[in-house]
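Structure, as C-alpha cells:
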Amino acid sequence: QLEFITPFQLYFNPDLIFRKFQIWRLITNFLFFGPLGFSFFFNMIFLYRYCRMLEEGSFRGRTADFVFMFLFGGFLMTLFGLFASLFFLGQAFTIMLVYVWSRRNPYIRMNFFGLLNFQAPFLPWVLMGFSLLLGNSIIIDLLGIAVGHIYYFLEDVFPNQPGGKKLLLTPSFLKMVFDTPEEDPNYNPLPEDHPEHQPGNQDQNEQQHPQ
C-alpha cells in the first residue's frame with residue numbers, strides 16, 4: 001500500500017521462480033489480498049477467525065500437525081497454479097481453512113449477514129457465491145474447496161474407512177520444532193527441583209510448623 005514493493009514482485013510466476021531463482025514468490029503469492037478495500041478486509045477477517053478456531057479447536061496441542069496442513073495445502077495449490085496461470089493464492093488458502101473447519105463442525109448453525117441461515121458445511125459454498133456476486137473469479141474459491149476436501153478426506157475420512165490408514169504423517173522434524181516434548185514418566189527431578197524445596201514452600205512450611 002505504501003508502494004515500497006509492487007504486486008509484480010510478489011505474484012506467482014514459475015519462470016521467475018525456477019529460472020531466476022526468485023523463490024520468495026512461492027510464499028508471497030499467498031500473502032497478497034489486493035489493495036485495501038472490502039475484499040481485502042473480508043479475507044483478513046475470515047483468515048483470522050477460522051485459522052484461530054482451528055488452532056484452538058481440533059489442532060489444540062498439535063501445532064506441528066497444524067503447520068503441516070499449511071504446507072500440504074500450499075503445496076497442492078502451488079502445483080495447480082503451475083497449470084492454471086493463477087497469480088495469487090491467498091484467497092484459496094483462506095477458503096481451505098474455512099472448508100476444513102466447516103467439515104469438522106457440521107452441526108453449527110451459521111448466519112451470513114443476517115440474510116441466510118445454514119449449517120456450517122455450506123459456508124465455503126456461500127462464500128463462493130458471495131465472491132461471484134462481487135464479480136470475482138470463482139476458480140480460486142473452487143481451488144480452496146478442492147484442496148480443503150482432499151486434506152479433510154485424507155486426514156479425517158479415509159483413516160476411518162475399512163482398510164483405510166493415515167496417509168498424512170507429520171514429519172518428525174516439524175514435531176521437534178513446534179511441539180513441546182512429552183514429559184518422561186521415568187524422569188526423576190533433582191532434589192532442589194521438588195516443589196517442597198522451593199523457597200516459597202519453605203516459608204509456608206516454617207509458618208505452619210514454627211520452630
Side-chain angles (χ1 to χ4, degrees), residues 1-55 59 62-104 123-155 167-168 170-171 173-174 177-178:
Q1 198 65 28
L2 298 175
E3 298 184 356
F4 292 132
I5 55 175
T6 71
F8 295 104
Q9 296 170 285
L10 308 176
Y11 77 100
F12 183 76
N13 185 319
D15 285 337
L16 294 177
I17 291 171
F18 297 112
R19 294 182 182 177
K20 300 290 186 180
F21 302 106
Q22 297 183 4
I23 306 298
W24 66 83
R25 292 179 184 272
L26 290 171
I27 299 174
T28 56
N29 79 91
F30 287 99
L31 306 179
F32 182 75
F33 291 89
L36 288 178
F38 182 79
S39 181
F40 174 85
F41 288 110
F42 188 78
N43 275 288
M44 287 295 100
I45 290 170
F46 274 81
L47 180 63
Y48 167 77
R49 176 178 172 82
Y50 291 97
C51 188
R52 177 180 176 179
M53 287 199 291
L54 278 174
E55 187 175 13
F59 285 101
R62 299 168 51 218
T63 305
D65 295 337
F66 190 52
V67 173
F68 183 63
M69 180 187 69
F70 276 39
L71 297 176
F72 176 78
F75 175 74
L76 288 186
M77 291 176 195
T78 300
L79 280 183
F80 188 84
L82 289 173
F83 304 102
S85 299
L86 299 176
F87 301 118
F88 295 104
L89 299 170
Q91 186 173 331
F93 191 84
T94 301
I95 295 293
M96 179 194 76
L97 295 177
V98 171
Y99 185 91
V100 173
W101 176 87
S102 68
R103 294 304 298 267
R104 288 182 172 178
L123 179 58
W125 303 100
V126 171
L127 294 180
M128 186 180 73
F130 184 69
S131 183
L132 190 61
L133 287 176
L134 292 178
N136 300 327
S137 171
I138 62 171
I139 298 297
I140 291 289
D141 298 75
L142 287 173
L143 174 60
I145 290 173
V147 172
H149 182 73
I150 291 171
Y151 176 83
Y152 171 75
F153 179 80
L154 294 177
E155 182 71 12
L167 298 177
L168 296 180
T170 303
F173 78 90
L174 286 180
V177 172
F178 292 104

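Just so you know, these numbers use all the heavy atoms, side chains as well, and skip hydrogens, waters and symmetry mates. Since this is a predicted model, take the numbers as computed values, not measurements.
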Indicate yes or no: at least one non-hydrogen side-chain atom of Phe33 is less than 4.5 angstrom from one of Ser39. no
Examine Phe42 together with Phe130 and report whether their ring centres are nearer than 6.0 Å. yes
For a 4.5 angstrom cut-off between non-hydrogen side-chain atoms, does Ile5 reach Phe32? no
Minimal non-hydrogen separation, Met77 against Ala92, with atom names: CE-O, 3.5 Å
With side chains defined as the heavy atoms from C-beta onward, is the minimum distance between Leu143 and Val147 less than 4.5 Å? yes
Looking at Phe70 versus Phe93, is the centre-to-centre ring distance below 6.0 Å? yes
Minimum heavy-atom distance Thr28-Gln9, with the two atoms named: OG1-O, 4.5 Å
Please identify which of these residues, Lys20, Arg25, Arg19, meets the side chain to side chain donor-acceptor pair (under 3.5 Å) condition with Gln22. Arg25
Quick one, Phe30 with Thr78, criterion side chain to side chain contact (heavy atoms under 4.5 Å, CB included). Give me CA distance, side-chain angles, the key distance, then yes/no. CA-CA 10 Å; Phe30 287 99; Thr78 300; 3.9 Å; yes
Met69 and Phe72, any side-chain heavy atoms less than 4.5 Å apart: no
What heavy-atom pair brings Val98 and Pro124 nearest, and what distance separates the two atoms? CG1-CG, 4.2 Å
Quick one, Leu10 and Asn29 - any side-chain contact, counting heavy atoms below 4.5 Å? no
If you count the non-hydrogen atoms of other residues, nucleotides and ligands that lie under 6.0 Å from CZ in Phe83, is the total more than 12? no
Heavy atoms, side chains only, cut-off 4.5 Å: are Met44 and Phe40 in contact? yes
Tell me whether Trp125 at atom CH2 has more than 12 heavy atoms from other residues, nucleotides or ligands lying less than 6.0 Å away. no
Atom pair CH2 (Trp101) and CG (Leu54), whose distance is rounded to the nearest 0.5 Å: 9.0 Å
For Gly144 and Ile95, the nearest pair of non-hydrogen atoms, with its separation, is C-CG2, 3.9 Å
Whether Tyr11 and Phe87 hold their rings parallel, tilted or perpendicular, with breakpoints at 30° and 60°: perpendicular
From OG1 (Thr63) to CZ (Phe68), nearest 0.5 Å: 15.0 Å
Value rounded to 0.5 Å, distance of CD1 in Ile27 from CG in Leu89: 13.0 Å
Indicate yes or no: at least one non-hydrogen side-chain atom of Leu71 is less than 4.5 angstrom from one of Leu174. yes
Measure across Leu97 and Cys51 and return the closest heavy-atom pair with its distance rounded to 0.1 Å. CD1-CB, 4.0 Å
Look up atom CG in Leu167 and atom CG in Leu154, then write down how far apart they are to the nearest 0.5 Å. 6.0 Å
Would you check if Leu86 and Phe12 make a side-chain contact, meaning some heavy-atom pair closer than 4.5 Å? no
Contacts satisfying side-chain hydrogen bond (donor to acceptor under 3.5 Å, both in side chains) that involve residues 43-53 (not counting sequence neighbours) are Tyr48-Arg52, Arg52-Glu56
Of all heavy-atom pairs between Ser102 and Tyr99, which one has the smallest distance, and what is that distance? OG-O, 2.8 Å
Can you tell me how far apart CG (Leu142) and OG (Ser131) are? Round to the nearest 0.5 Å. 9.5 Å
Hey, could you give me the CZ/CZ distance between Phe80 and Phe75, rounded to the nearest 0.5 Å? 14.5 Å
